[in-house]
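Heads up, the thing below is written out as structure tokens.
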Number of protein chains: 2
Amino acid sequence: MRENKYLQIYNEYSNQIHSGQLLPGTKLPSESELAEAYTTSRETVRKALNLLFREGYIHKIKGRGSFVLDMTRMDFPVTGLISFKEMADTLGTASRTLVERTIQEPAGSAIARHLQIPPETLIWKVVRAREIEGERIILDKDYFRADIVSFLSEEIAEGSIYEYLELELGLKISYAKKLISVEPSTEEDHRLLDLKNFTHIVVVRNYVYLENTVLYQYTESRHRLDKFQFVDFARRVRR
Amino acid sequence: MRENKYLQIYNEYSNQIHSGQLLPGTKLPSESELAEAYTTSRETVRKALNLLFREGYIHKIKGRGSFVLDMTRMDFPVTGLISFKEMADTLGTASRTLVERTIQEPAGSAIARHLQIPPETLIWKVVRAREIEGERIILDKDYFRADIVSFLSEEIAEGSIYEYLELELGLKISYAKKLISVEPSTEEDHRLLDLKNFTHIVVVRNYVYLENTVLYQYTESRHRLDKFQFVDFARRVRR
DNA sequence: CAGTGGTCTAGACCACCCT
DNA sequence: GGGTGGTCTAGACCACTGC
């Protein structure tokens, strides 16, 4: 058994729902039936179904059963910011990443406050502009603690820094907090983005924590007003 | 046993963490110890701990234990829009709700599209302006299917419509989807809000579904740019 | 190595829904 | 009353961390 049993059940159903093999409204087999079908226990089936529920694939009603929800109206991803890559992929449009800068320097007071470190601590700073359909509409400014991320390069910044950190460096990300607000655009925004004459810009601040609860990354993602969209999907928690 | 055992454990710990009795970094007793202490099974303890984990109270590391996280840096609520009432409460400032309109009328094409109903369907429309510190900064436009919410009044609209629906009408809300974007402000925005000379406005569209997956409510919450803030807290899901 | 959390089992009783 | 999901139990084995 390479994969956890409950993940196997989860994957089979999430794939079938995504691909449209299971239509919205379809009633899933009961938990007991699923347990028998997968030769497992009901609690393991419930683990899979609860995952499907939390991710917005299905819907459970006590006494009635579990039913497939309509994902097509959910706009991917079900929750969270539509990232640059996802946005480009979804739109199927030409997109480019322009690395403006990749340097190591002392944090300085502003970044030090965000990362909760002394201002003289060394950090990696990566500034990237995101271009979609010929327009630079997102400015990503990433800051990493250099004592945790020892090396970065322009090549890495052009690809997925995220994959580099997780796969190459083996950093285990535990959780992240996002703060979204709208602020006056700066001179830098106008210089690096095609801002038209928008006076404001959407700022998404992202604080990323490792498994040992260390805050090691702060990202400021600055989006042109007219191209910003955020989706939030919330299950009702009864307590 | 009035309350579920796992909720009891969850509540005791979430309260202690909130109140500061348990400081960040504190190691919780092991799952086996907790099971013994609460005279319950380990799986039940795990249910409580997983809730605490998902809500951002604690942090679990395989082989080491569970640890209290620093909630103070999380800004309440841990995830979601800072609602009008929470905002006012947190700021401890004077706030008012001004009900502009409470009427029943046919949906019309735009609202019909949002609610996925025929345009001639009757709906309740409630328009409210939210005033904080003497400034009207949020415009809430709620639309309810009249075949589900049979009656509304200005008195109800002045209080919490939400409580009326859940407690009085017994409507069971299952899930909701939010879409956040920034759009040009309308003439209505300027008429009903103190918009200064902002040309744009943050629009939060909220689609609310009942337990039977019926979309029964659509809310458009229009926030003045400079007063908008959204918090998103995400656990990393390993798969 | 002992201790920890992650997965899994094979039962049980309950609350709820529909007919 | 029969079927469903929600809770709970008392075990078991595993993978991972620390000493």
Side-chain angles (χ1 to χ4, degrees), chain A residues 1-11 13 25-54 57-69 170-172 174-175 210-214 235-239, chain B residues 1-11 13 25-54 57-69 170-172 174-175 210-214 235-239:
Chain A
M1 184 217 315
R2 301 210 51 71
E3 194 181 32
N4 292 335
K5 227 164 199 174
Y6 79 95
L7 285 183
Q8 184 199 326
I9 303 176
Y10 166 82
N11 286 328
Y13 273 93
T26 307
K27 183 176 176 302
L28 298 189
S30 75
E31 297 179 347
S32 324
E33 286 167 350
L34 284 172
E36 197 171 358
Y38 284 89
T39 53
T40 184
S41 69
R42 216 187 113 209
E43 280 291 357
T44 300
V45 169
R46 282 179 57 71
K47 220 165 168 177
L49 292 189
N50 283 332
L51 240 189
L52 289 168
F53 172 79
R54 284 209 299 277
Y57 286 98
I58 66 167
H59 174 236
K60 312 177 81 180
I61 308 178
K62 191 193 289 191
R64 293 224 284 137
S66 302
F67 304 85
V68 175
L69 278 178
L171 290 186
K172 291 188 182 173
S174 167
Y175 57 99
L210 296 179
E211 221 173 42
N212 53 6
T213 76
V214 168
R235 311 295 326 202
R236 178 98 174 83
V237 179
R238 232 167 287 284
R239 264 203 303 282
Chain B
M1 187 217 314
R2 301 210 52 71
E3 195 182 31
N4 293 334
K5 227 164 198 173
Y6 78 95
L7 284 184
Q8 185 200 324
I9 303 175
Y10 166 83
N11 285 329
Y13 274 93
T26 308
K27 183 175 179 302
L28 299 190
S30 75
E31 298 180 348
S32 324
E33 286 168 350
L34 284 172
E36 197 172 359
Y38 284 89
T39 55
T40 185
S41 70
R42 214 186 115 210
E43 280 291 357
T44 300
V45 168
R46 284 179 55 72
K47 220 164 169 178
L49 292 189
N50 283 332
L51 241 187
L52 289 168
F53 173 79
R54 285 210 299 278
Y57 286 98
I58 64 166
H59 174 237
K60 312 176 81 181
I61 307 178
K62 190 192 289 191
R64 294 225 280 138
S66 301
F67 303 85
V68 176
L69 277 179
L171 291 185
K172 291 188 184 173
S174 168
Y175 57 98
L210 296 178
E211 220 173 44
N212 52 6
T213 75
V214 168
R235 310 297 323 203
R236 179 98 174 82
V237 179
R238 232 166 288 282
R239 263 203 302 287

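Below, each value reflects all heavy atoms present in this structure, side chains not excepted, and no hydrogens, waters or symmetry copies. Every chain is numbered from 1 and lettered A, B, ... according to where its sequence line falls, protein lines coming before strand lines.
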Once you round it to whole Å, what is the distance between P of D:dA15 and CD of A:Glu3? 16 Å

Measuring from B:Phe53:CZ to B:Leu69:CG, what's the distance to the nearest 0.5 Å? 8.5 Å

State which residues pass side-chain contact (heavy atoms from CB on, under 4.5 Å) with B:Thr40; sequence neighbours excluded, sorted by chain then number. B:Lys5, B:Ile9, B:Tyr38, B:Thr44, B:Val45

Check the distance between D:dC8's P and B:Leu51's CG and give it to me in whole angstrom. 12 Å

Within residues 61-68 of chain A: residues closer than 4.0 Å to DNA chain D (heavy atoms): A:Ile61, A:Lys62, A:Gly63, A:Arg64, A:Gly65, A:Ser66

Would you kindly give the CD1-to-P distance between A:Ile58 and D:dT4, to the nearest whole Å? 15 Å

What integer distance in Å separates A:Ile9:CD1 from C:dC8:C1'? 11 Å

Under 3.5 Å for both distances, Watson-Crick or G-U wobble, that's the pair rule; now give the dot-bracket for DNA chain C, with | marking pairs to another strand and [ ] for crossing ones. |.||||||||||||||||.

Quick one: closest heavy-atom pair of B:Ser66 and B:Leu49, and the distance? OG-CD1, 4.0 Å

N or O in side chain of B:Lys5 less than 4.0 angstrom from D:dT7 OP1/OP2: no

What's the CD-C1' distance between A:Gln8 and C:dC8, to the nearest Å? 14 Å

From CG of A:Asn4 across to C1' of C:dG5 the rounded distance in Å is 13 Å

Among all residues two or more places apart in sequence or in another chain, which pass the side-chain contact (heavy atoms from CB on, under 4.5 Å) test with B:Glu36? none

Side-chain contact, heavy-atom cut-off 4.5 Å: B:Ile58 with B:Tyr13? no

Excluding sequence neighbours, so at least two apart, what forms side-chain contact (heavy atoms from CB on, under 4.5 Å) with A:Arg46? A:Glu31, A:Arg42, A:Glu43, A:Asn50, A:Lys60

Side-chain contact test, heavy atoms from C-beta onward, threshold under 4.5 Å: evaluate it for B:Asn11 versus B:Glu3 and give yes or no. yes

Mind checking whether B:Tyr57 and B:Tyr10 have parallel, tilted or perpendicular rings, split at 30° and 60°? perpendicular

Counting only non-hydrogen atoms, which of residues 39-50 of chain A are less than 4.0 Å from DNA chain C? A:Thr39, A:Thr40, A:Ser41, A:Arg42, A:Glu43, A:Thr44, A:Lys47

May I have the distance from A:Glu36 (atom CD) to C:dG11 (atom P), rounded to whole angstrom? 12 Å

Which whole-number value in Å describes the distance from A:Phe53 CZ to D:dG5 P? 13 Å

Within less than 4.0 Å of OP1 or OP2 of D:dC8, is there a side-chain N or O belonging to B:Tyr6? no

Is there a residue in residues 25-35 of chain A whose heavy atoms reach under 4.0 Å of DNA chain C, and which residues are they? none

